[in-house]
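Okay, so here's the structure we're looking at.
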Amino acid sequence: MTSPGAGTGTGTGTGTDPKGGPMPRQRHHTLFFLEEIRAFSPVFLDTEVDMGRVLAHRAEAVAREGVRYGTTSYVLRAAGRVLAKHPDANAAIQGGPRRPRIAHYPFVNGKLALDRTLDGRRVVLGTVVPSLHDAELPAIQAHLERIRDGDAERLEDFEGIRKLHRLPWAEGRRAFRQAAASLALRPHLTGTFSVTSLGHRAVDSFHSVGGTTTTFGVGRILDRPVVRDGEITVAPVLRLSLAFDHRAIDGAEAADVLTEVKEALESV
């Protein structure tokens, strides 16, 4: 996710222009995406997760393996396993209210939104982590580190976005809509669920629509008072949100999904 001031002060097309001008091409894919998800019918839930076990596991991994697993890696792993048990929450809908179509998938792919710079402009790019129904933390973390440390101008993962930016507006919009309309392609382009994090900043919680039936929003981990065994103590708490598409599932199942992800994180 980008910050409110993303794209200002750096890159091409920045600065003051009282007459207006064309939208920077690096933002075309974001605008095409926002147009495509207008049919989404969002409902928002949130919960608090005691991350004590996750932080202990991460510290052990650093000491034992020299690997520091990111918070989003734990969330992707937990959500992948939970959604494998909830096929309707792992589905995708295509089409308008008159003749909608729904697809269910025998796998779980998770899209993570990333804050990257492309052609000198700060933008949101997404990477799809495959097979999260059975992927383990090392594979998930390796995927994210490859994307995080790679050059967005060269990574093959973003070649489709770079090609889209080179197209004229109308042609790019048409190409994006054509790809988004394919229920077969969609889980490989946008995942079967989404995760987005703003926890690197002073953001406790937020809600985001990632274009998938479920989207998890990850805030920062902060020491907060909690009650354990009838006593007040302090624990590292994550506020985890879930936006779900009411066209695909109802609130009861969404509540099950969020609760089960919470329980999975608290029992790492």
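Just so it is clear, the model here is predicted, and its values are computed rather than measured.
Between the side chains of S194 and T212, a donor-acceptor pair is found at a separation under 3.5 Å. Donor-acceptor pairing under 3.5 Å is recorded for the side chains of D88 and H104. Donor-acceptor pairing under 3.5 Å is lacking for the side chains of Q26 and H165. Side-chain polar atoms of T192 and N109 form no donor-acceptor pair below 3.5 angstrom.
A264 and A78 get closest at one heavy-atom pair: CB-CB, 3.8 Å. Between G210 and K111, the closest heavy-atom pair is O-NZ, 2.8 Å. The two residues P236 and I221 make their nearest non-hydrogen contact at CB-CG2, 3.7 Å. Shown here for A175 and L167, the closest heavy-atom pair between the two residues is CB-CD1, 4.3 Å. Closest non-hydrogen pair, A113 versus T196, comes out as CB-OG1, 3.8 Å. For the pair V261 and A79, the tightest heavy-atom approach, listed with the atom from each and the gap, is CG2-CA, 3.9 Å.
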Q: List the steps and the verdict of salt bridge (Lys or Arg N to Asp or Glu O under 4.0 Å) for E48 and K262.
A: CA-CA 8 Å; E48 292 188 342; K262 167 186 166 71; over 6 Å; no

Q. Could you walk me through whether T213 and I249 pass the side-chain contact (heavy atoms from CB on, under 4.5 Å) check?
A. CA-CA 8 Å; T213 295; I249 59 173; 4.3 Å; yes

Q: Begin with the C-alpha distance, continue with both residues' side-chain angles, and end with the deciding distance and a verdict on salt bridge (Lys or Arg N to Asp or Glu O under 4.0 Å) for R53 and E266.
A: CA-CA 6 Å; R53 296 282 293 272; E266 291 181 340; over 6 Å; no

**Q.** Criterion salt bridge (Lys or Arg N to Asp or Glu O under 4.0 Å) on R81 and D134, from CA distance to verdict
**A.** CA-CA 7 Å; R81 280 158 169 71; D134 59 8; over 6 Å; no

Q.
Determine whether L83 and Y105 satisfy the following criterion, side-chain contact (heavy atoms from CB on, under 4.5 Å), listing intermediate values before the conclusion.
A. CA-CA 11 Å; L83 288 170; Y105 304 103; over 6 Å; no

Q) Can T214 and L242 be said to form a side-chain contact (heavy atoms from CB on, under 4.5 Å), step by step? A) CA-CA 7 Å; T214 56; L242 173 66; 3.7 Å; yes

Q: Take F107 and H188 through the ring-ring contact (aromatic ring centres under 6.0 Å, His included) test and state the conclusion after the steps.
A: CA-CA 11 Å; F107 52 83; H188 306 290; 5.5 Å; yes

Q: Show your working on side-chain contact (heavy atoms from CB on, under 4.5 Å) between H28 and I161 and close with a plain yes or no.
A: CA-CA 9 Å; H28 284 187; I161 293 295; over 6 Å; no

Q: Could you walk me through whether R166 and E159 pass the salt bridge (Lys or Arg N to Asp or Glu O under 4.0 Å) test, one step at a time?
A: CA-CA 11 Å; R166 293 193 289 266; E159 177 57 24; 3.2 Å; yes

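Criterion: ILVMFWY side-chain heavy atoms under 4.5 Å apart, direct or through other members. Under it, V108 and L144 are part of a common hydrophobic cluster. Put simply, V43 and V257 are part of the same group of oily side chains (I, L, V, M, F, W, Y) that touch within less than 4.5 Å, one to the next. Hydrophobic clustering (side-chain heavy atoms under 4.5 Å, transitive across Ile, Leu, Val, Met, Phe, Trp, Tyr) groups V268 together with V82. When the side chains of ILVMFWY residues are joined at heavy-atom separations under 4.5 Å, either directly or via intervening members, L238 and L45 end up in a single hydrophobic cluster. When the side chains of ILVMFWY residues are joined at heavy-atom separations under 4.5 Å, either directly or via intervening members, F40 and F33 end up in a single hydrophobic cluster.
Here the straight-line distance linking atom CZ of F244 with atom CG of D250 works out to 7.0 Å at 0.5 Å rounding. Separating the CD atom in Q178 from the CG atom in L185 is a distance of 9.5 Å, to the nearest 0.5 Å. One distance of note links OG1 of T72 with NE2 of H200; it measures 12.0 Å at 0.5 Å rounding. Here S208 contributes atom OG and L198 contributes atom CG; the two are 8.0 Å apart, rounded to the nearest 0.5 Å. The distance from atom OG of S41 to atom NE2 of H246, rounded to the nearest 0.5 Å, is 8.5 Å. Atom CZ of R27 and atom CG of L118 lie 12.0 Å apart (nearest 0.5 Å).
Between L155 and F158 the shortest side-chain heavy-atom distance falls below 4.5 Å. By the 4.5 Å heavy-atom criterion applied to side chains, L137 and Q141 are not counted as neighbours. Between V237 and L222 there is no side-chain heavy-atom pair separated by less than 4.5 Å. Side-chain contact check for I147 versus L114: some heavy-atom pair is nearer than 4.5 Å. By the 4.5 Å heavy-atom criterion applied to side chains, L132 and I140 are counted as neighbours. When side chains are defined from C-beta on, F176 counts as touching E36, because their heavy atoms get closer than 4.5 Å. L240 is listed as a side-chain neighbour of V218, based on a closest heavy-atom distance under 4.5 Å. For the pair V67/V62, no side-chain contact is recorded, criterion being any heavy-atom separation below 4.5 Å from C-beta on.
Using a cutoff of 4.0 Å between basic side-chain nitrogens and carboxylate oxygens, D119 and R162 are not scored as salt-bridged. A salt bridge links R220 with D204; the closest basic N to acidic carboxylate O contact falls under 4.0 Å.
In this structure, D245 contributes its side chain and R247 its backbone to a donor-acceptor pair below 3.5 Å. Between the side chain of R122 and the main chain of T117, no donor-acceptor pair closer than 3.5 Å is present. In this structure, S73 contributes its side chain and Y69 its backbone to no donor-acceptor pair below 3.5 Å. Side chain of H29 to backbone of F32: no donor-acceptor contact under 3.5 angstrom is found. Between the R186 side chain and the I93 main chain, a donor and an acceptor come within less than 3.5 Å of each other. At least one donor-acceptor pair under 3.5 Å links the side chain of S241 to the backbone N or O of F206. Listed for the D151 side chain is a donor-acceptor partner under 3.5 Å among the backbone atoms of E153.
Looking at R146, R148, R116, H143 one by one, the single match for side chain to side chain donor-acceptor pair (under 3.5 Å) with T127 turns out to be H143.
Between H57 and Y74, the distance from one ring center to the other falls under 6.0 angstrom.
Within 6.0 Å of atom CZ in R64, more than 12 heavy atoms from other residues, nucleotides or ligands are found, so the atom counts as buried in its surroundings. Atom CD of E231 has 12 or fewer heavy atoms from other residues, nucleotides or ligands within 6.0 Å.
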